[in-house]
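Take a look at the structure set out below.
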Amino acid sequence: DAKTTQPTSMDCAEGRAANLPCNHSTISGNEYVYWYRQIHSQGPQYIIHGLKNNETNEMASLIITEDRKSSTLILPHATLRDTAVYYCIVRVAGSGGSNYKLTFGKGTLLTVNP
Amino acid sequence: DTGVSQDPRHKITKRGQNVTFRCDPISEHNRLYWYRQTLGQGPEFLTYFQNEAQLEKSRLLSDRFSAERPKGSFSTLEIQRTEQGDSAMYLCASSLARFGGGEQYFGPGTRLTVT
C-alpha cells in the first residue's frame, strides 16, 4: 500500500470548516483513499473513502486531486466533538490476496476550539 | 448496541501472568481483526479471521500470542507470560468481506497495563 503524509496537528474554530490534507504521491491506480478518525480513548471510526471522484456522506466530504497524489477531508461545520486524530490510509481495492488490513500512520490531531 | 464490543475494557496484570481478551463483532460480519496501539502511534495489525479461519498473522504476533475465533463468532486473544512491552491498547474490528474489508468497525479496545 502507498505511504501517506499528514500534518501532525491542526486547529480549527468551532463552526468553521476543517480541511485536513493528505499526500499520497505514490498511490497506484487500484488504490482507494480511506479516512478514519479516533476520538480519545475510543476505537477508530470509519469516515469515508474514494477512488478518484469526490465523495460526500453525512460525516464529511473527500476531495481527491485529478492526479490522485493528494486528497483533502472536509468537515463542513466542525464541532468540539470532532476533536480527534484523523488517519488517511491508502489501500488496494477488493478483498482478495493480502488485502485485509489497514495500515495506519500517526495521523493528524485536529483540535476544534470554541 | 449492535456495534463491536470488547471485554474487559481495562486489564492490569503483573509481568509473567497470562491474560485473555474477548471481542464480539457485529453479528453479520464474517471478518474479524485484531490490532495493537501504543501511545502516540496508530493501530498496528496483528491478525485476522475470515469466519473461523485465521488467515494471517503479523510478525508482531510472537509465539506468546494466540487468537481464536471458534464457530466464526466471537474471538479471543491470549497473551502468555506477559511482558512490560505488551502494555498497549488492543483493538478488535470487524467487516464484511463483500465490501472489500476497507470499512472496518472497531470496538472500544482493551487497555492492558503490565506492571
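In what follows, chains carry the letters A, B, and so on, assigned in the order in which the sequence lines appear, proteins first and then strands, with residues in each chain numbered from 1. Being a predicted model, the structure only gives us computed values, none of them experimental.
- With a threshold of 4.5 angstrom between heavy atoms, B/Q6 does not approach chain A through any atom at all.
- A/Q45 and A/R37 form a side-chain donor-acceptor contact under 3.5 Å, judged by distance and modelled atom types alone.
- Contacts with chain B were tallied for A/G107, A/P44, A/G43; A/P44 has the most, counting heavy-atom pairs under 4.5 Å.
- Residue B/E56 touches chain A through its side chain alone, counting heavy-atom pairs closer than 4.5 Å.
- Relative orientation of the A/Y36 and B/F106 rings is perpendicular, given thresholds of 30° and 60° on the angle between their planes.
- Here B/F65 pairs with nothing under the ring pair (Phe, Tyr, Trp, His ring centres under 6.0 Å) rule; sequence neighbours left out.
- Judged by the 6.0 Å and 45° rule, B/R22 forms a cation-pi pair with B/F74.
- Residue contact with chain A, scored on non-hydrogen atoms closer than 4.5 Å, involves the side chain of B/R9 exclusively.
- For the set B/G42, B/G109, B/P43, the entry with the most heavy-atom pairs within less than 4.5 Å of chain A is B/P43.
- When the options B/F21, B/Y33, B/W34, B/Y35 are evaluated for a ring-ring contact (aromatic ring centres under 6.0 Å, His included) with B/Y90, the one that passes is B/F21.
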